[in-house]
Amino acid sequence: MSENVVHFHKHTDPPAPDAAPTVLTVVPDAPPARPVPLWVRSGRAVKTAVTHERTRSAGRSVVRHSLYTFNGGRIVARRAWDGRTGSRYERMIRAAEAAGNLEAAEEWEERLQRFRAARHHRRMDLLHSPVDAAKGVAVGAGMSVGLLVALGIVMAISTEDAGHVITPLTATIDFIALLIRIVQVVWGPALTIGPFLALLALWSVGRKQHAAPAWALPANVRTGEGEPITPSIVVKALRDLGVPALRNAIKEMGDAGASMLGPITIAGCGVEVDVTLPSGVSTDEVQKRRKKLAENLTRHEHEVFVTIPQAARTVRLWIADSGALDEPIGPSPLTTDETMTADYTKGRAPWGQDLRGDAAALSLYQRHLLITGLSNQGKTAALRALALWACLDRRVEFRIADLKGAGDWAMFDGLATVLIQGPADEQVIEATEMVESLVEEMNRRIEIRRRDPRAVFDPLIGIVDEAQVAFMCPVKDEDGRPYGGSKAISRYFMAVRKVHNQGRVVDVLLWEGTQDPTDQNLPKLVREGAHTRASLALGTESQARMALGDKAVDGGAAPHLLRQGLDKGTLVVASDGIEIPAGQASITVRTHYIDDDAATAITDRAKALRDGVTTLHAIDRGEERDPLADIATVLGSDTRVRTQEVITRLAALNADAYAGWSFIDLKRVLDAAGAEPYKSDGRMVVGRDRVARALADRDDEGSASAE
């Protein structure tokens, strides 16, 4: 039975007479701790010692220096073998043949023949060298003895002492004996120290060549952070890529593997080199191993880009300087040059910089646009940057539907003729009708162009940001037709398709921004209808193919390899509107970021170029219209507006009522109200004062009739 321990609560002062009795706490004994076996403690100690960083460092050091010596010996032996045989020339020949360079192969073949002839001549000379050497030694010894005796005779005559005749000969013999004694003294220690000196020399060779596994090398050598790209580094990276045919071909080439490489040239914040692959190695085998190739080049995956140029069996490597892509690019010219204007027809929008550091500019002329990517990667900013440049051309009209509704496009209020903001079904319906109004305007322009082939129209750009909201909308209209979806009865889908089919020729364009593309929220026909397709970071290769197309991805475009959150604003662009290096199907662009304040300043400059634009924030549907009042509404604060512009604004206000209007319809309403159009600077315009006066007169007449 275990004993109990009784604890007494002691007090320094004696308790009062009426104090409560002392409390006794009885605590049972805790079971005694079991001793840890010795073998467990020893195992823990061994494990701690083995896993300790100092132990691991010491182990790496032992392996490293041992392999320095061993591999240094291999290197020296290889060099000696190359120097004594024609293996070096043979490797050069195989390398030239693998690269398809027959002229170089023939040149190295000639050098090999000359080397073999010279070696044969040296070996034949060795057959006669012993006899010649003996003759030379005999002649030399006789001449030397004769000279010494002659010198002795001269000394004897000078000193008149016949004994000096042999003095030079004796001195020479003594000197030779001294040398022999020195050699005898040094020979023993030299035999002892010599092997250690030889091992030290081999260790030094291995150390200079870093002839040890990467894990055993020192940290500063192992990381290679910022290591410059050289031909040997590229060849080693390709050799260790895990492609057997490539490894074997480079192994046969030896150091001549650099013959696969073109010139390494500086390209922006990195370097670029073309690699001609040996026979039996396909370009996609290198593309699929981009991450491993980057690590072999001591770079991160996002710092190496592999593209396919026009040359057959060739890959183009662009290798960034370490950390260069994490540094921001400069501000947009739109924010630094307040005098900048735009030319929609001939100009190019300054969008950012390519990987070479050159300015990347995009032509918007008659090109539908699609930008996609994961959420919060800079899609709206990239799309808005193009619109901010285009708005500096006073001819361009915008109709914008922002289905995110976060205020990213609020600065276009007073600049766009339509501005819809919000993610609700109501905004999707309005956005659908906005795109349908583009179709109506497109049809009207096509009809005019049919009558007058020389007719020229001002550009009309419709923008739908977060277009996936429209495609996924389940709401149906009164006829049962869904607004969303990708079927022929979908109103938004069909309106987009119609604009894509014919809008370009009459400068009616549609720009869409959408995230996380799938067949449900971005149908194939819509994707392929865009002339300019750009993508930010995506999750999978299949999404990259949806965003840019198979051709671009097969050619090296890889938005799915961009880093989510870290490569914000970095786009992979496939378009004929941007300058792409020859042979490539896409280009990577780091876009300029323009914040809301800078964007507002740019739109203020754009508004100053215009007479004033009335922005409609909703599209009316199905109401009885008052044409004269609607004309006054679309005139806004403008003193006078061209008749064609009034018709365009009326169509944007209500497509059902005004999409089919012509100049005759407008003139009929204005003539009846006494606000006839008139000419100003050779163009027919509608005067705001005339319309306002007509409305006032009509209201006065109505009041008088009521009385």
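Bear in mind that the values here come from a model prediction, so they are computed numbers and not experimental data.
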So which heavy atom on [X] is nearest to which on [Y], and how close?
X      : Y      : result
Gly462 : Leu438 : CA-CD1, 3.8 Å
Asp519 : Arg527 : OD1-NH1, 3.1 Å
Ala557 : Leu548 : CB-CD1, 3.9 Å
Pro517 : Thr372 : CD-OG1, 3.3 Å
Ala431 : Leu403 : CB-CD2, 4.1 Å
Tyr483 : Arg491 : OH-NH1, 3.2 Å

Look up atom [atom1] in [X] and atom [atom2] in [Y], then write down how far apart they are to the nearest 0.5 Å.
X      : Y      : atom1 : atom2 : result
Gln287 : Thr307 : CD    : OG1   : 8.0 Å
Glu397 : Cys391 : CD    : SG    : 13.5 Å
Leu616 : Met434 : CG    : CE    : 12.0 Å
Leu571 : Ser535 : CG    : OG    : 7.5 Å
Leu374 : Gln515 : CG    : CD    : 8.0 Å
Leu522 : Phe471 : CG    : CZ    : 6.0 Å

Does a side-chain N-to-carboxylate-O contact under 4.0 Å join [X] and [Y]?
X      : Y      : value
Glu541 : Arg545 : yes
Arg384 : Asp465 : no
Asp576 : Arg367 : yes
Lys236 : Asp240 : no
Asp393 : Lys346 : no
Glu528 : Arg533 : no

>> Is the terminal nitrogen or CZ of Arg399 (NZ for Lys, CZ for Arg) located under 6.0 angstrom from the six-membered ring centre of Phe412 and within 45° of that ring's axis?
In response: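 Relative to the ring axis of Phe412, which defines the angle, Arg399 lies outside at least one limit.
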Is there a donor-acceptor contact under 3.5 Å from the side chain of [X] to the main chain of [Y]?
X      : Y      : answer
Thr588 : Val572 : no
Ser575 : Val573 : no
Glu303 : His300 : yes
Arg395 : Pro459 : no
Arg348 : Gly577 : yes
Thr615 : Asp413 : no
Asn501 : Arg497 : yes
Trp318 : Ala267 : yes
Thr335 : Pro331 : no
Ser490 : Ser486 : no

In the structure I gave you, are the side-chain heavy atoms of [X] and [Y] within less than 4.5 Å of one another anywhere?
X      : Y      : value
Leu392 : Ile602 : yes
Val464 : Trp511 : no
Leu509 : Leu460 : no
Arg239 : Leu246 : no
Leu419 : Gln421 : yes
Arg290 : Leu561 : yes
His560 : Thr540 : no
Glu301 : Glu295 : no

> How far apart are the C-alpha atoms of Thr570 and Thr591, what are their side-chain angles, what is the distance that settles it, and do they pass the side-chain contact (heavy atoms from CB on, under 4.5 Å) test?
Replying inline: CA-CA 6 Å; Thr570 300; Thr591 59; over 6 Å; no
Might you confirm whether atom [atom1] of [X] has over 12 heavy atoms from other residues, nucleotides or ligands at distances under 6.0 Å?
X      : atom1 : answer
Lys607 : NZ    : yes
Lys404 : NZ    : yes
Glu579 : CD    : no
Leu525 : CG    : yes

> Who are the ring-ring contact (aromatic ring centres under 6.0 Å, His included) partners of Tyr344, not counting sequence neighbours?
Replying inline: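 For Tyr344, the residues satisfying ring-ring contact (aromatic ring centres under 6.0 Å, His included) (neighbours in sequence not counted) are Tyr365.
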> Looking at Leu510, Leu383, Thr532, Thr514, which one forms a side-chain contact (heavy atoms from CB on, under 4.5 Å) with Leu370?
Replying inline: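 Among Leu510, Leu383, Thr532, Thr514, the one that satisfies the side-chain contact (heavy atoms from CB on, under 4.5 Å) with Leu370 is Thr514.
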> Would Leu388 and Thr603 satisfy side-chain contact (heavy atoms from CB on, under 4.5 Å), going step by step from the backbone distance to the final call?
Replying inline: CA-CA 7 Å; Leu388 289 172; Thr603 53; 3.6 Å; yes
>> Run the side-chain contact (heavy atoms from CB on, under 4.5 Å) test on Glu285 and Leu241 for me, step by step, so that the C-alpha distance in whole Å, both residues' side-chain angles and the decisive distance to 0.1 Å come before the verdict.
In response: CA-CA 9 Å; Glu285 289 182 289; Leu241 203 55; over 6 Å; no
>> side-chain contact (heavy atoms from CB on, under 4.5 Å), that's the test. Do Arg289 and Val243 meet it? Break it down for me.
In response: CA-CA 9 Å; Arg289 292 169 173 81; Val243 182; 3.8 Å; yes
Distance-only donor-acceptor check, side chains [X] and [Y], under 3.5 Å:
X      : Y      : result
Gln468 : Asp516 : no
Glu272 : Thr265 : no
Arg504 : Gln366 : yes

>> For residues 273-284, which residue pairs pass the salt bridge (Lys or Arg N to Asp or Glu O under 4.0 Å) check, not counting sequence neighbours?
In response: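 Only Asp274-Arg316, Asp284-Lys288 qualify under salt bridge (Lys or Arg N to Asp or Glu O under 4.0 Å).
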